[in-house]
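Chain naming here is simple, since letters A, B, ... match the order of the sequence lines and numbering starts at 1 in each.
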2 protein chains.
Amino acid sequence: MPTLRDIIAEDLRTQITTGHLKPGSRLPSEPKLATHYKVSTPTIRQALALLQAEGLIEKTHGKGNFVRPPLRRITYLGGGPTLPTPGLQISVRTTKIRARGHLSVLLRVPAGSPLTEFQCLSHDGTSPHSLSRVYIPRDLTPTVIPDESTWPTTSAMPLAEVEERLCARLPTPVEAATLRINPTLAVLAITRVATDTAGRVVEAALLALPGDRAEAVFTTHHTSEGRKAEG
Amino acid sequence: MPTLRDIIAEDLRTQITTGHLKPGSRLPSEPKLATHYKVSTPTIRQALALLQAEGLIEKTHGKGNFVRPPLRRITYLGGGPTLPTPGLQISVRTTKIRARGHLSVLLRVPAGSPLTEFQCLSHDGTSPHSLSRVYIPRDLTPTVIPDESTWPTTSAMPLAEVEERLCARLPTPVEAATLRINPTLAVLAITRVATDTAGRVVEAALLALPGDRAEAVFTTHHTSEGRKAEG
DNA sequence: CAGTGGTCTAGACCACGCG
DNA sequence: GCGTGGTCTAGACCACTGT
């Protein structure tokens with residue numbers, strides 16, 4: 001059951017993928033598109049939101065809608081501590097807080113335990129890339145000082161297990177503003193919990209990646225025999 | 001920068017989480033909510049879409065908006081062949097097709113190669129659960145016949161590597177209709193490629209999970225020393 | 001049938017980017 | 001100042017669910 005929005009999106013999509021609309025070029029303004037397709041502007045905007053979610057176009061308030069150059073996707077590599085990606089500007093804000101609610105559950109520490117919080121925002125040039133908050137128990141002082149070139153992590157610790165939970169959810173208002181994404185489009189949210197060999201939670205990280213240009217990749221290597229069950 | 005929609009969603013959210021609105025109960029109709037909050041119905045609907053994306057409410061066309069009972073999330077376990085989850089009805093449709101375009105790239109076979117396609121739709125009671133298409137080269141005949149109780153997979157093969165790519169994207173019109181989700185809300189899309197010890201691609205699977213109630217979990221076990229780099 | 005949500009209309013008003 | 005997209009309005013019409 002394709003709706004008007006789907007039909008219009010499909011038409012623009014083929015114009016983009018066939019090269020009829022060149023990367024970087026601006027689309028006609030929304031009122032003009034509305035006139036052309038004989039629909040109202042909200043319907044046009046819904047069609048554009050679809051293309052935006054696919055990473056085909058970029059919207060810029062006050063400028064217009066642009067065909068996105070062949071997409072360089074943001075790739076999150078799972079299975080271990082996130083490593084700094086070359087060519088990325090990272091700003092970190094460090095604060096000292098105390099565990100409460102959801103956090104104390106994640107880190108398996110009593111409420112009120114001292115934590116260090118790293119609020120990280122990474123940019124790829126001018127475009128926001130990812131937003132993350134990393135929590136580390138205060139007594140596990142990171143041996144690596146987080147700065148522009150390294151990601152906060154207690155990577156010197158012997159990690160035993162990393163669990164990553166992913167879901168698609170809508171951004172909070174501040175996430176939408178910070179990542180400069182459409183607040184009606186999803187982010188890829190990742191909750192990562194790292195445990196050391198003693199079973200202690202060493203780090204919990206909450207990441208939000210813009211859904212229109214991010215993906216997460218997990219590679220599992222199997223030894224001689226495939227594992228039969230897990231959960 | 002919270003908008004009207006965010007403010008209304010926040011108000012309803014606290015009413016739900018504090019138990020002021022009981023699970024299973026119906027919310028006032030959208031026009032009534034619009035009158036109560038002194039906004040138009042589209043604004044109310046945006047606020048409700050937010051709550052829906054959080055899994056707090058369920059919308060049913062012709063009936064109303066309902067507070068969702070404490071959410072039983074759909075959990076996708078990464079890192080290996082998906083196993084049948086107890087208490088799930090799975091319907092499978094098998095067709096014979098030939099590789100082309102994206103599929104031949106994924107499976108690393110020449111265009112035109114014979115494939116078997118399994119289209120799977122799983123239900124949890126009456127609520128759609130996941131939609132998946134699994135592709136297997138025709139010459140790798142599955143030793144397990146896919147039926148209601150097993151998931152199609154060549155699990156008898158010695159798998160060497162499984163790669164899973166996740167992203168958040170909007171559903172196609174058929175996905176939205178099949179999973180009965182809001183077409184403006186994201187699905188969690190997973191592309192899984194399994195390789196055997198000989199380096200052959202044994203299976204490619206395209207999964208779509210409803211974003212309002214699904215999550216994916218990946219657990220990585222590290223041996224004595226943490227791995228330093230990957231990609 | 002009446003009541004509900006789903007889609008769409010034709011605007012208004014504000015905020016942003018640029019000359 | 002002008003053109004752009006972002007938010008919101010106050011409806012209309014259709015499709016679905018129940019009685």
- [ ] Scan nucleotides 3-11 of chain C nucleotide by nucleotide, 5' to 3', and note B when protein non-hydrogen atoms come under 4.0 Å of the base, S if they reach only the sugar-phosphate, - if neither.
- [x] BBBSBSBB-

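Under a 3.5 Å cut-off, the side chain of A:R68 and the backbone N or O of A:G55 do form a donor-acceptor pair.
Atoms CG and OG, from A:L121 and A:S130 in turn, are 7.0 Å apart once rounded to the nearest 0.5 Å. Atoms CG and CD1, on B:L12 and B:I44 in that order, are 7.0 Å from each other to the nearest 0.5 Å. The structure places CG of B:L106 at 9.5 Å from CZ of B:R165, a figure rounded to the nearest 0.5 Å.
Bending across the helix from C:dC1-D:dG18 to C:dC18-D:dG1, expressed as the angle between its end axes from five pairs apiece, amounts to 10° (10° rounding).
Contact detail for A:L131 and A:T178: the closest heavy-atom pair is CD1-CG2, 4.0 Å.
Classification of A:E117 and A:R93 as a salt-bridged pair fails, no side-chain N sitting under 4.0 Å from a carboxylate O. Salt bridge present: A:R45 and A:E30 bring a charged side-chain N and a carboxylate O closer than 4.0 Å. Between B:R169 and A:D212 there is no salt bridge, since no side-chain N of the basic residue sits under 4.0 Å from a carboxylate O of the acidic one.
Rounding to whole angstrom units, CG of residue A:L33 and P of D:dG3 are separated by 17 Å.
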